[in-house]
Amino acid sequence: MSRFDPRRAGMALVAPAMAFVVAVALSSVVLVVAGHAPMTAFRSMFDFGVQPDNVVNIVNKASGYYLSALAVAIGFRMNLFNIGVDGQYRLAAMCAAVIGAAVALPGPLHILLIVVVAVIVGAIWAGIAGYLKVYRGVSEVISTIMLNYIGTALAAWMLTPAVFATLENNIVKTPDLPESGWFPGFATSGGEVYGFVVVSALVGVGYWFLLGRTRFGFDLRATGMSEPAAVASGVDVKKMVVASMLLSGGVAGLVGLPILLGASHSYGQDFPAGIGFTGIAIALLGRNHPIGIAFASVLWGFLDVSNQILDLEGIPKEIVTIMQGTIVLAVVVAYEVVRRWRVNSEQRRVAAQLGGPQAPAAPGPATTAGVA
Amino acid sequence: MATSTITEPPAADAPSGRPRVNPWLRAGSLILGILLVLSVTRVLSDAQDITSSGTAGAALRLAVPIMLAGLAGLWSERAGIVNIGLEGMMVLGTWCAAYGSLQFGPWAGLIAGILGGALGGLVHAVATVTFGVDHIVSGVALNLLGPGVARFLSSLIFTGTEGGGVTQSPQVAQPPSFTVPGLASGLRSLEDERIFFVSDAAGVLGGLVTGLSWATVISLLLIPLSIYVLWRTRFGLRLRSCGENPWAAESLGVNVYLYKYLGVIISGGLAGLGGAFLSLVASNYYREAQTGGRGFIGLAAMIFGNWRPGGLALGAGLFGFTDALQLRQGETSVHALFLALAIGLALYGIWGLSRARRVAGIASLVIAAGSLALYLFTDTVPQQFTTATPYVTTLLVLALASQRLQMPAADGLIYRKGTAK
């Protein structure tokens, strides 16, 4: 991340571009096989996606995706897999909705309280996984998967009329937040953009600063790239694992807030689920870089919103899910291919400069932290 | 090491010193012990359904897909590839099985399910073995891809058919089932006698031999088959060596890539069969989200069972049993389970203390006291908490016993050909 190197930057873009092309090509093949014209589908998706109200919708969706991907990326940079973002944000949103509805405070304070509650709940839920990893040797992959389901069950229990929810017109949901707890949005010609978009962007800046410009971030990345080297330079890896899980969970706690504070104002059965898994895909596509993740979030939002038009054209809109899955798989394969190619070409260059006839050795395995 | 399932090396004490107990004897006494605890619980708590034939039958139906998913995870992880894409492969299995059954009948459906899952396994193998992509990342991608493909295919093929649509298939034919003649009715009358232990055993056995699907029988046979193939054949030894130390295997001339491919494809096939079981045996149509996280529960059962077929079968049985209780007088039955847990853990704790395993012993006693308190001070358990039982159990097992678990040593590591030192 030091000086700008056009060669490196170019290669960083090759992989996602390759992945996108592969995904588009593959979905085109699927569409042709199913008897539809792929160009028509993509054109109508694009035309639909750039209409003002859909742009607003895309930006709003992307704000949550962005936070989710950042939460995942914090773990990735340290070689930790926080697969539990999904459970963390839903439990956090649930608790924030309940507490936010129970108190009355002046505007900014009320919002601050809700945000703090969400961050704390998310951090605690992720912190359990961090604790289990450090003190009991349990892989965070398994524990966060289990915690997802336990969190889902817990939220479902809290969402029963006997506990925290109310039953209105056959819809079970938490009581509405008082208006002081609503996050003001920006009115545009296409509708209201969530005000929380600003918070998402700030978290992105904070992520960039923390990881790229502080001692903590350096230690975190160093641990991700080589744990033995980090230990040798005096990093307390156990502390780093717990700290980064708490941080990742704290950011994950924010994921549901754009919707909670900007639109739904309550947590109900229809509260969106699965954003945590979307975040994993977006973090991979955006290569754990705050700007890359921003682009990937918007792309994901675009695909999610613009697929609505396909049904009207008689094309199954599920093609978009296939496209998204293919993008993820293609992007990681592409990174690996580009990385190997780069290592080989560098070895060849060095060998040429040294003038020796050494054959390039096979590149070693990559880590998710080692990218970018 | 990031993708490995347990990050600390297992304690070296496991195989040393202790005399080897005959595994059949051990399994038998374990089953008898569990049954005894349940009988005591039934008498003390008056929750009649915890050992009834209905519960046992339902438990078997619910346990088989979990067991197949666990077995799928086992085959892959024994070859050194972590497979959290099981859920996606199971989804492919549910869809393909329904389609196959619709087109060519139930048996073809089961085979179609296996093929669908194996296709998912092939994708995972290409990504992880050939391209060296991180196993977890590839698994996550498959979990996105599986439901997407199933949904897309449904909207192409099932939409417009009678009873079918984007989210479900029309009704499909099921594989035949049978009831063991004579035995089932005899056990049923014995069950109605309500004699301590005898009726409980009769109830459980009766449930297992009534309305048994041939698909269940085949699935159950896969456990001994896996034990035989993985631990008693040259093929199995080679496959496991790829999970323990692929570099050593390579130096001995094993084609590591080939064995890893086979392990993951078989894994996908088993997951697909698990999916097929859900859409053809547990119900008679494909439905979206039919797997309901069973791929992950299977993974949990595999870890619970310490990467061994017998252990994972026990784990799957346990998870299936709690699921079944939920269906049979759920709140009372699961509440009674706290008492069973308290009795079982107290016995285990005392045994642990007598064997000088202080930490595990004390922890078990503390949890036993906790669940006894829960039993005494509450009346029912909210249904949402019973859903979470397998996950909480797995977390507890991992937290308490992770040092004693032995996963394959090179599980989750990325292996490149020609990197042996």
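Heavy atoms only: backbone and side chains are in, while hydrogens, waters and symmetry mates are out. All chains are named by letter (A, B, ...) in the order of the sequence lines, taking the proteins before the strands, and each is independently numbered beginning at 1. Values in this document were obtained by computation on a predicted structure and should not be read as measured data.
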Is any side-chain heavy atom of B/Ser138 closer than 4.5 Å to a side-chain heavy atom of A/Val332? no
Heavy-atom proximity to chain B below 4.5 Å, by part of A/Ile145: side chain
To the nearest 0.5 Å, atom CZ of A/Arg340 lies from atom CZ of B/Arg416 at 3.5 Å
Could you tell me which portion of A/Thr152 (side chain, backbone, both or neither) has an atom closer than 4.5 angstrom to a non-hydrogen atom of chain B? neither
For chain A, find which of B/Ser155, B/Ala388, B/Ala300 contributes the most heavy-atom pairs closer than 4.5 angstrom. B/Ser155
All heavy atoms of B/Leu395 vs all of A/Met146, minimum pair found to be CG-CB, 3.9 Å
Atom CZ of A/Phe20: over 12 foreign heavy atoms under 6.0 Å: no
Rounded distance [0.5 Å steps], OG in A/Ser27 versus CZ in B/Phe152: 9.0 Å
Go through the atoms of B/Leu299 and report whether side chain, backbone, both or neither lie under 4.5 Å from a heavy atom of chain A. side chain
Interface check, chain A: of B/Gly146, B/Ala127, B/Gly148, B/Ser154, most non-hydrogen pairs under 4.5 Å belong to B/Gly148
For B/Val123, is it the side chain, the backbone, both or neither that has a heavy atom under 4.5 Å from a heavy atom of chain A? side chain
Ordered numerically, the heavy-atom neighbours of chain A under 4.5 Å found in residues 286-294 of chain B are B/Gly293
Please state whether the side chain, the backbone, both or neither of B/Val140 comes within less than 4.5 Å of a heavy atom of chain A. side chain
Under 4.5 Å to a heavy atom of chain B? For A/Ala281 that would be side chain
So A/Tyr149 and B/Phe296, would you call those rings parallel, tilted or perpendicular, with 30° and 60° as cut-offs? tilted
What's the spacing between B/Leu145 CG and A/Ile322 CD1 if we round to 0.5 Å? 7.0 Å
Go through the atoms of B/Ile84 and report whether side chain, backbone, both or neither lie under 4.5 Å from a heavy atom of chain A. side chain
Is there side-chain contact between B/Leu144 and A/Gln324, with at least one heavy-atom pair below 4.5 Å? no
Checked A/Lys317, A/Glu318, A/Glu227 vs chain B; the most non-hydrogen pairs under 4.5 Å come from A/Glu318
Chain B contacts, top residue of A/Gly35, A/Ala153, A/Ala155 (heavy-atom pairs, under 4.5 Å): A/Ala153
So B/Ile136 and A/Ile83, do their side chains get closer than 4.5 Å, heavy atoms only? yes
Pick whichever of A/Gly274, A/Gly151, A/Gly325 has the most heavy-atom pairs under 4.5 Å with chain B. A/Gly325
As a quick check of understanding, evaluate side-chain contact (heavy atoms from CB on, under 4.5 Å) for A/Phe81 and B/Asp134, giving each step before the final call. CA-CA 11 Å; A/Phe81 282 87; B/Asp134 190 284; 3.4 Å; yes
How about B/Phe131 and A/Val337: do any of their side-chain heavy atoms sit closer than 4.5 Å? yes
Pick one of side chain, backbone, both or neither for B/Thr159, based on which atoms fall under 4.5 Å of a heavy atom in chain A. neither
Going by heavy atoms in the side chains, are B/Asn143 and A/Phe277 under 4.5 Å from each other? no
So what's closer than 4.5 Å to chain B heavy atoms on A/Leu329: side chain, backbone, both or neither? both
Roughly how far, to the nearest 0.5 Å, is the OG atom of A/Ser139 from the CD1 atom of B/Ile303? 7.5 Å
